[in-house]
Amino acid sequence: MQEKNRLPFRIGFGIDFHQLVSGRDFWIGGIKLEHTKGALGHSDADVLLHAICDAMLGAACLGDIGFHFPDSDNSFKDIDSKILLKRSNELIQKAGYQIGNIDSTVSLELPKLKPHIPAMQKVIAEILSLEEDQVSIKATTSEKMGFVGREEGVAAYATVLLTIS
Ligand SMILES: [Zn+2]
């Protein structure tokens, strides 16, 4: 592609889902929620951090979280997803990018996420060396419809804008 067609920023999108089961801790946005169920996965199954990692990697055209941190690799078993977020940031920095801002939405029936959002913003901003207002997190239910509505699972969606560093 000719240089003149390249903008000094790139956008990425990430999406992730996890099943909710009893007997698992519920990590989301880098914090642990008190709940009767937790997200099932090879890592700590932090759906929001995974969606953000995928959006970051996607914006830099670096593949996805499963490519860089495969669940066939036992070193990632039960890994803290904050480590995956930090490593994803290192990958995009190595490719010459830095994060402009993140916008995300978590779809979850229970528990209510709103009171926990400032703590999540703080954790994510710290890991990525951003200001908290560069990390938007929103929460929605699915109005009791579908797998989120039946409290069988949780979904997260994220968009990330990268700028050339
Ligand atoms: Zn995930």
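Counting starts at 1 for both ligands and their atoms, in listed order. One is the number of the first residue; the rest follow in order along the sequence.
The minimum distance between the Zn ion (ligand 1) and any N, O or S atom of H18 involves atom NE2. When the N, O or S atoms of H50 are ranked by distance to the Zn ion (ligand 1), ND1 comes first. The minimum distance between the Zn ion (ligand 1) and any N, O or S atom of D16 involves atom OD2.
Taking CG from D16 and OG from S104, the interatomic distance works out to 12.5 Å, rounded to the nearest 0.5 Å.
Note on K94 versus E90: no salt bridge recorded, every NZ/NE/NH1/NH2 to OD/OE distance being 4.0 Å or above.
Judged by distance alone, the side chains of H68 and S88 never bring a donor and an acceptor atom under 3.5 Å apart.
Among all heavy-atom pairs drawn from F69 and F76, the shortest one is CA-CE1, 3.4 Å.
Not a single N, O or S atom of D46, from either the backbone or the side chain, sits less than 2.8 Å from the Zn ion (ligand 1).
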